[in-house]
Amino acid sequence: MSTPNPASEFDLIARYFAPLARAFPGAYGLLDDAAVISPASGDELVVKTDIIVGSVDFPLDMAPDLIARKALRVNLSDLAAKGALPRAYLLDLVLPVTADERWFAAFAAGLERDQAEYGVHLIGGDLSSTPGPVTIAVCALGEAPGGRMVRSGGARPDDTIFVTGTIGDAALGLAALQGGLGKLDDVARRFLLDRYRLPELRVTLGPGLIGVAIAAIDISDGLVADLRHLCEVSRVDAIVGGVNTAFTRSARGDRQRPAAARDRAHRR
């Protein structure tokens, strides 16, 4: 395997990634070719993988620590929507040859920060090089009570639709990053950019969805796209009123909107 800088693959793993696996016994210090993870009695593993690519999912000049945290968070957010408590993750890094040890150090520091915040551990992965942009795949593993993961299907007619947090901040942050939204003040612009770079997770809320939510989905692809998917799987339609949708002050400008979305699902 080729690596993206003169240090060997094993040197890079030992220096920057093995410390991230130290607290997880089944990771074996990243010295083995596989890891072992055993859920608690009565629980089952919930598995999610997602990939992010430079210039597609984040700017090429984005700081390495923020790239690391974004790559991890987009996966942990999906686990939270399933009612799962995150435990561990696998990381595949495909990097341009320009990635130096400073890049690795900053990237690992970003992972370490979010591992401490969300109680998750690196347990394995792979490393290679590419003539293209930074490409990162994460496979996240969480735990949920056996047979009780909150699925995307299962919505029923007359169910109420709830969202956590606010809608549209990340999309507006991307627009601001691309030079749009010229009328925003500096505070609002910084807020929206932060929401784009680092999604806020609901990992403590997630397990509380079990037994309460009939269906759930992460809406990182946008409320409309992800709600459409949930409805298709559940074979229902949804009505969402714009005046009932939750926006931050930065997103809504001068318009006043309620703090929660409460709309209805209807049978097809």
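Throughout, residue positions are numbered sequentially from 1 according to the sequence presented.
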Going through the distances and angles, do His121 and Arg22 end up as a side chain to side chain contact (heavy atoms under 4.5 Å, CB included)? CA-CA 8 Å; His121 305 276; Arg22 189 177 294 129; over 6 Å; no
Self-check item: Side-chain heavy-atom pair Val74, Ser220 within 4.5 angstrom cut-off
Solution: no
Shortest non-hydrogen pair, Pro96 vs Pro133, comes out as CD-C, 4.3 Å
Rounded to the nearest 0.5 Å, the CG atom of Leu93 sits from the CD1 atom of Ile13 at a distance of 10.0 Å
- Task: Give a yes or no answer on whether the side chain of Lys82 reaches the backbone of Ala216 with a donor-acceptor pair at less than 3.5 Å.
- Result: yes
**Asked** Applying the 4.5 Å side-chain criterion to the ILVMFWY set and letting contacts propagate, would Val47 and Ile210 be lumped into a single cluster?
**Response** no
query: Should the ring pair Phe104 and Phe17 be called parallel, tilted or perpendicular, given that the plane angle runs from 0 to 90° and is split at 30 and 60?
result: perpendicular
pair Ile136-Asp92: side-chain heavy atoms closer than 4.5 Å: no
dist Asp218:CG -> Ser77:OG (nearest 0.5 Å) comes out at 3.5 Å
Review point. Is any side-chain heavy atom of Val240 less than 4.5 Å from a side-chain heavy atom of Leu227?
Key: yes
Within a strict 4.5 Å, meaning less than it, do heavy atoms of the Arg69 and Leu111 side chains meet?
no
Student check: side-chain heavy atoms of Phe107 and Leu95 closer than 4.5 Å = no
Quick one, Asn75 and Tyr89 - any side-chain contact, counting heavy atoms below 4.5 Å?
no
Point to revise | Path from Tyr16 to Tyr28 over hydrophobic side-chain contacts below 4.5 Å | key: no
Residues Pro207 and Leu85: closest non-hydrogen pair is CG-CD1, 4.2 Å
Task: Same cluster (ILVMFWY, side-chain, under 4.5 Å), Val203 and Leu79 - done: yes
Closest heavy-atom pair, Gly83 versus Ala144, reported as atoms and distance to 0.1 Å, is O-CB, 4.1 Å
Across all chains, not counting sequence neighbours, the salt bridge (Lys or Arg N to Asp or Glu O under 4.0 Å) partners of Arg73 are Asp114, Glu117
Nearest heavy-atom approach of Pro25 to Ala23 is CD-O, 3.5 Å
Taking every heavy atom of Ser234 against every heavy atom of Ser152, the minimum-distance pair comes out as OG-O, 3.4 Å
Requested in this report: Please confirm whether the backbone N or O of Val94 pairs with a side-chain atom of Thr130, one donor and one acceptor, at under 3.5 Å?
Outcome: no
Review point. Mind checking whether Ile161 and Val150 sit in one hydrophobic cluster, side chains of I, L, V, M, F, W, Y counted as touching below 4.5 Å?
Key: no
_Measuring only between side-chain heavy atoms, which start at C-beta, is Val53 closer than 4.5 Å to Val134?_
no
Assess whether side chain to side chain contact (heavy atoms under 4.5 Å, CB included) is satisfied between Glu9 and Asp126, documenting all intermediate values. CA-CA 9 Å; Glu9 175 186 3; Asp126 203 359; 3.9 Å; yes
Distance col, row Ile217:CD1 vs Asp226:CG, nearest 0.5 angstrom, shows 4.5 Å
message = Whether the side chain of Arg87 engages the backbone of Ser38 through a donor-acceptor N/O pair (distance < 3.5 Å, no angle test) should be reported.
response = yes
Exercise. Around Arg151, counting heavy atoms of other residues, nucleotides and ligands shown, do more than 12 lie under 6.0 Å from its CZ?
Worked result: no
So CG of Leu76 and NZ of Lys48: to nearest 0.5 Å the spacing works out to 11.5 Å
Applying a strict under-4.5 Å side-chain criterion to I, L, V, M, F, W and Y, I'd like to know whether Val120 and Ile51 cluster together.
no
| What do the steps show when you test Leu223 against Val163 for side chain to side chain contact (heavy atoms under 4.5 Å, CB included), and what is the final call? | CA-CA 9 Å; Leu223 174 63; Val163 297; 4.2 Å; yes
(message) Using a 3.5 Å distance criterion without hydrogens, assess whether the side chain of Asp159 forms a donor-acceptor pair with backbone atoms of Ala155.
(response) no
task = Using modelled atom types only, decide if a donor and an acceptor are shared between the side chain of Glu44 and the backbone of Pro39 within a distance under 3.5 Å.
result = no
Are the side chains of Phe58 and Leu66 in touch, meaning some heavy atoms are under 4.5 Å apart? no
When every non-hydrogen atom of Ile123 is compared with those of Leu90, the smallest separation belongs to CG1-CD2, 3.7 Å
Separation between OG (Ser55) and CG (Asp61), nearest 0.5 Å, reads 11.0 Å
Interatomic distance, CZ@Arg113 vs CD@Gln115, rounded to 0.5 Å, equals 13.5 Å
